Structure formats: structure tokens, C-alpha cells
Number of protein chains: 2
Amino acid sequence: MSELNERTEKILRAIIQSYIDLNVPIGSYMVTRRFSFGLSPATIRNIMAALEELGYITQPYTSAGRVPTERGYKHYVDTLLKEYSLSMNKAIIHELFNRLHGIEIDLQRLINETSKTLSFFSSYLGIVTPPRAEDRTLKHIRVIKYTSNKALSILIFGDDTVKNRLIDLERVYTQRELDKITNYLNISFGGVSLSEVKDRVAYQLSRESIICDRLIAKSLMVCKELISMENEDILMEGLTGASNLPDFADINEIKDILKAIEDKHLMLKLLAQVDSSEGVQVFVGLENIIPSMKKLSMVVSTYTDGMDAHGTIGIIGPTRMNYKELIPIVDRTAKTLTKVLSESQ
Amino acid sequence: MSELNERTEKILRAIIQSYIDLNVPIGSYMVTRRFSFGLSPATIRNIMAALEELGYITQPYTSAGRVPTERGYKHYVDTLLKEYSLSMNKAIIHELFNRLHGIEIDLQRLINETSKTLSFFSSYLGIVTPPRAEDRTLKHIRVIKYTSNKALSILIFGDDTVKNRLIDLERVYTQRELDKITNYLNISFGGVSLSEVKDRVAYQLSRESIICDRLIAKSLMVCKELISMENEDILMEGLTGASNLPDFADINEIKDILKAIEDKHLMLKLLAQVDSSEGVQVFVGLENIIPSMKKLSMVVSTYTDGMDAHGTIGIIGPTRMNYKELIPIVDRTAKTLTKVLSESQ
DNA sequence: TATTGGCACTCTTCACAGTAGAGTGCTATG
DNA sequence: CATAGCACTCTACTGTGAAGAGTGCCAATA
């Protein structure tokens, strides 16, 4: 509660919530009309002056209403997250579940649908990253002869998704040899997480001069190549209704978001900030990461695939988005996604 | 040349090109200043009145300059496509090639990069569809035992891309049986296009009661399932610089494009119009397909993957986009893509 | 001492009017 | 047939003034 007493706190929240609802500078009279604090506008005025002094709100110009500052939003969001008595409309919960249920089979589609759903409920940009490749475990590896100098390699992951690639061989191998490679790889790396595999391959390759077994060396090279293809960090977004919202009447906000979408690297940089152990996290004002995103905020949470890997979901919207409504939505979506994925195991 | 004589034609083109350049209603005086026709404004005025009569241009209000109508644009584009003396900046050709060269390996990335490139050069929405799955030929099929009731099926296509999926088996098969299935499928469908495979599977399944060979029936079922997964029509887009362009100062145009992106179905409906045998095609005013896209146009062309399959690339932008510049860009991009794909075979 | 009503003041927003300018159509003329 | 001239139209811009929302301060009050 820091430097604010309960009443001041309440009024700050009233101002911020009003501003979020109306998108208009909030004056003292406005506050008394919308909330029944049993206080006169004059009193509110005094408190507002104090809140301005403390940097929570500000006036766009002399004798205008007050608008929350970044600090104000941060404080507001903090109290929201602390209380966490955020309730949700039953209908929304239901709709949410329905949207994600029944497409467990295809992770890609599920991720896609999730981003659309987030976007649909928020009217802003929905972002979803797939479960981090590095966390996924390898279940089974197979290398099959294809042509004389090409082999088809297949990775099956813990969640039964499959990745594969044709790899070039520098000499002719028999299927028998390939089976030996396969065998070795499965024994070494079956059930191991990709990041672990990476480390082990690097270590073993460094020792390889001692072992001197050509086939095993080759196996490791194959493995290295296979894993390297897992680095791509796909990232889905949706901007479904963003264009409808009056919020975005200011064209520059749309431009800012579009600019963000353009550059996946920026996005990843943004998501790198997310702590996977916590629940919902809110980042108000993204300018410390991307200068042009000064007036944008991000609400994120993490989910797991029911195994070991976790991914990130969230939304990006204007700083003055409706946190009260959106925090539970992101929270719920993350939980629903985790549930759906766990069940499909 | 229809109802217009050469001089009138020239002036119509001057007006449209000026409007595209300046985005401002074009008056008679303006035309004489920007082009040296050796005619006075008064003469131009008479011709303009005639052009308005014919429906090629219109006045936003009494005594304003003229603006092209949809009909005007169509006529303009037709003459552009007929002449086809459209030249391109060497630097752009070079840049274009560089962007697409060297990533032949990964079709997905190539498509992605192409859409970004189109978007980059046009500042509008770039669209690229992958080579039509139905046109692709099947090179090799394999079914591998995975667990007692699951098998891993692998399709290798003519272009060496690989698709796979885990399929459920209703009883336990030995690898020997699966090999037999594999064998049968390869003999039947190796080198055949997917659409052809589809037909044949349907036909053979209808005759299957006669053959009565359980394994073959199962093979066909497997094949059917495998192919059905090929139906997804992925579609990449980019909107890289669109937000920078002054054209889009009108927020509604951005909204229209965003709305289009939202709905892949609409997009596919749009692209269904494209004739794969022709070169560059231009669709002015997309309202007959999607009402909200009245003020948008599409410039498209097709490419092939060096084998039998062809895909579509193009851009969608405001009706008053710079066709003169963008038609060659789309044309060139399609050709570059075809070239890059053919070389990587 | 905290709260409140009253009051003068500030700043934006909106409507309205007036003007400059670009462009037109028409007509008379070379 | 092309053109110069002219009266006319409509927009875009500018400035002004009034309405309104809101403030800060001060004195009165519980």
C-alpha cells in the first residue's frame, strides 16, 4: 500500500478505471458521479492534486481532467494482481474452452486457434509461442536409407509430434549401418530433453577423437544436424478485431503494433522478459524494450504442454487497455491450454 | 483502343498516373504543368469532360479536379499489361534475386521470405500460397511400425519435401505386413500427382470388395488418410511497410486489409479467381468478391515449383496503387521464385 | 483539522463566417 | 478545332467567439 492510504488508493483506482472505460481525461466531478464515495468534487480535487504530486496521474493541460501516468498504471495493475479476486463471465470461460477443445491433435492449429482466441476476446494482438523446443524430450529417433547418398531422419518427441528431414551422407551407408546409428542414438538420447541432448552431443563430439568409432561420430553429427533444425522459434499472432476498436482510432497505435509484428526478433526479445515460473505478468509501457512501443502494454502468462516444455501466451495492446478484464482472460486461456494439452497426452 | 483516340488515351493516362503519384484530384492546369502535351488547360478541360462522360474519371464535387473511376483504373491497367514495356530498376531486380536466393532448402522459409519481399517492395500486403498440394507428385511412401498399434507414415514428394503423421492401427501389424503395404502403395502411386492418387484411391476402394485383400484395403485406407492431411492451404502474408505509407493515412484502408487477413477463407476465395495459365493479372476493386474491399486491388501472378505444382503470389493494396511499378515487381518475383525452385531440384 | 461550497480563471472544443485558391463550364474569337 | 477570358462553384483553411468542463484557492463549516 506504500504511501497511499486506503481512500486515496480507491480514488486512484476509480480514476484509472474510469479513464480506461471512457478514454477521456477524468475530472473531479466525473469521479463523484460515477462512484459514490460520499465525497464532494472539491475533496476529490485535493486528493487528485496529491496523486499528481506523487506521479500517479497527470494533466494533459492546465485545468483539464487527469490521466494515469505509466507509474499509475503499474500501481493499478499491481493491486489488481495482488487481489486476484478477478472474476470472469461464465459464458466467456465456456466459449474459451470450446474454442480450444477438440483440436488437440494438431499443436500448430491449437496454437493458431489460441492466438485467434486471445485476439478475439481482447480485440488486441494475441501472441502465442509454441512449447520451447529445448524443453521437449526426444522419444525416438530413426534414420532410414532413402537413396544412396541420402537418408531420411525422423525425430519423435514426447508429445508424439514428429519432425524429419532428408540429410546428405558423405558416403554410401547400408541400412544395417544406419540401424546401428539409430540404435546408438536411441540408447543415448531417448527420453532426454533437447537442450540436454545438445550438451551431450557437444561433449561427446569433443571426446570423439578418443573413441574413434566412425559410425558413432557420424551418429553424433547426424544428431547435431537434426537438432539444429529445431531452433526456429515460430510465433503466432492474431489481430482479429483490433481494427474495430475505437481505441485504435489513433492510427499511430495500429502502426506501432504492426511494426512490432513485422519483426519477430523484437517480439522474442519482448517475450524473453517473461518469467515462466510466475502466473500472469503485466508489462506496462514497453519502451524499455522497444522505444516505439511506449504506449503499449503486454499481459502474458505461460502454459505447459503437459510434459516438460512450456510456452508463452499473451496479448499486446494500448497501455490503457482493460486490465481488469484481460488479466483473467489471459490467465484462463493459459490454464485452458495447459489442460487441453495435458489431456491429449 | 476502343472508343478513345490516341490523344485522349494519353491524357487519361496522364491523369491517372498523376493521381496515383499525388493522391489529389487532378485539374486541367495540373496536367499541362506535369506533361507537355502542347495543349492549353482549356483543351484539356474539354477532353476531361468527354472522359467523364465515358465514365473513366469523375469529380468528387462540382468544380474539383478529376479522380479515376474503377473503370478508369481497369482501362489503365489493361493498357499497361498490353504494352508490357514495363522496365525495372536493375537494383531492384538484383535485390529481389538476392533475397530469394540461397534459401532453396526450406520451402516454408522461401514462401515466407517471398511474402516479406513483396510486402517490402510494395509497402502493401504480400500474399504467397505454397504450390498446390494437389499438383504435387508423390515420390515415395513408407510406413514404419512405431508402437504395437501405431505406425509412422511418411510421404516424400517430388521436390524432396517430407510430410508425415502417426496413424492408429486397428490391430497389430508386423513390420513385414507394413512393408507389404508400403510396397503396394509405392508401386501404385509412386510418381503420381496427389489429385490423381485421390481419384485412384476412391476408385480402387469402390472395387475393393472384389479384390478382398485385407492388406491392400488397409493400404488404401492409410493412403486416404495420409492424403487428406494435405488439404490445408497455408498462406503467408506480410504487411511490412504498409504502416509507413502515407496512402494508408486513411485508417479505413488499413482496417479493410486487416479484415481480409483475418479470414483466410476470404483470401482463398479471392485467389480462386486467379488463372494459373496467364502471366500477371490485376483485379481492380475487389468488391465483387468481398464487399468491404471496394477500394482495394490485387496484382497477382503464378509460379511453379519446377515440377508440376504451381502456387500464387501477389499483393493487395489500395486501388490507387502504383501499378506501373508494382506489376513488374510481381511479375519478376514470380519468375525469380520459379527459377530458384527449379534450380534447387 | 478535514471537508465543502463558491468563485474566478484556464484551456479545449465546436460552430460559424469569411477568404483564398483551385478548378470548372461556357462563350467568343483566332 | 484550339484557346483565352470570365463568371461561377466548392473546398480548405483561418480566426473568432461562446459553451463547457475542470481547476485552484479561499473562506466557511462540522
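For the numbers below, each heavy atom of this structure counts, side chains included, while hydrogens, waters and symmetry mates do not. Given the structure is predicted, the values throughout are model-derived calculations rather than measurements.
In this structure, A:Leu39 atom CG and C:dA2 atom P are separated by 14 Å, rounded to whole Å. The distance from atom CD1 of A:Ile11 to atom C1' of C:dA2 is 13 Å, rounded to the nearest whole Å. To the nearest angstrom, P of C:dC11 lies 10 Å from CD of A:Gln59. One interatomic measurement links the two molecules: OH of A:Tyr29 to C1' of C:dC7, which rounds to 17 Å at whole-angstrom precision. At whole-Å resolution of the value, CD1 in B:Ile44 and C1' in C:dA22 are 16 Å apart. When the P atom of C:dT4 is taken as reference, atom CZ of A:Phe37 falls 13 Å away, rounded to whole Å. Between the CD atom of B:Glu52 and the P atom of C:dT24 there is a distance of 10 Å, rounded to whole Å.
Both B:Tyr61 and B:Gly38 lie close to DNA chain D; mapped to their nearest nucleotides by heavy-atom distance, the more 5′-ward contact belongs to B:Gly38. Nearer the 5' end of DNA chain D, as judged by each residue's closest nucleotide, is the contact made by B:Pro41, out of B:Pro41 and B:Thr62.
Here the CE-OG1 distance, from B:Met293 to B:Thr319, works out to 9.5 Å after rounding to the nearest 0.5 Å.
Counting all heavy atoms, side chain and backbone alike, A:Thr62 lies closest to A:Gln59 at C-NE2, 4.4 Å.
Counting any heavy atom pair closer than 4.0 Å across all strands shown, B:Arg7 reaches sugar-phosphate atoms only and no base atom. Nucleic acid contact for B:Ala42: base, since at least one base atom lies under 4.0 Å from a heavy atom of the residue.
A side-chain N or O of A:Asn5 and one of A:Thr8 form a donor-acceptor pair less than 3.5 Å apart. Side-chain N/O atoms of A:Thr43 and A:Asn46 include no donor and acceptor closer than 3.5 Å.
A close approach under 4.0 Å does occur between a side-chain nitrogen or oxygen of A:Thr43 and OP1 or OP2 of C:dT4.
Using a 4.5 Å heavy-atom threshold, the side chains of B:His75 and B:Leu4 count as touching. Inter-residue side-chain proximity for A:Arg66 and A:Ile26 is flagged as unmet; no heavy-atom pair is nearer than 4.5 Å.
Reading DNA chain D from its 5' end, the first and the last nucleotide to sit under 4.0 Å from a heavy atom of chain B are D:dA2 to D:dT11.
Partner of A:Thr333 under the side-chain contact (heavy atoms from CB on, under 4.5 Å) criterion, chosen from A:Val128, A:Ile315, A:Thr114: A:Thr114.
Side-chain atoms of B:Ser63 stay outside donor-acceptor range of the base of C:dT24, with no qualifying N/O pair under 3.5 Å. A donor-acceptor contact under 3.5 angstrom links the side-chain atoms of A:Arg45 to the base of C:dG6.
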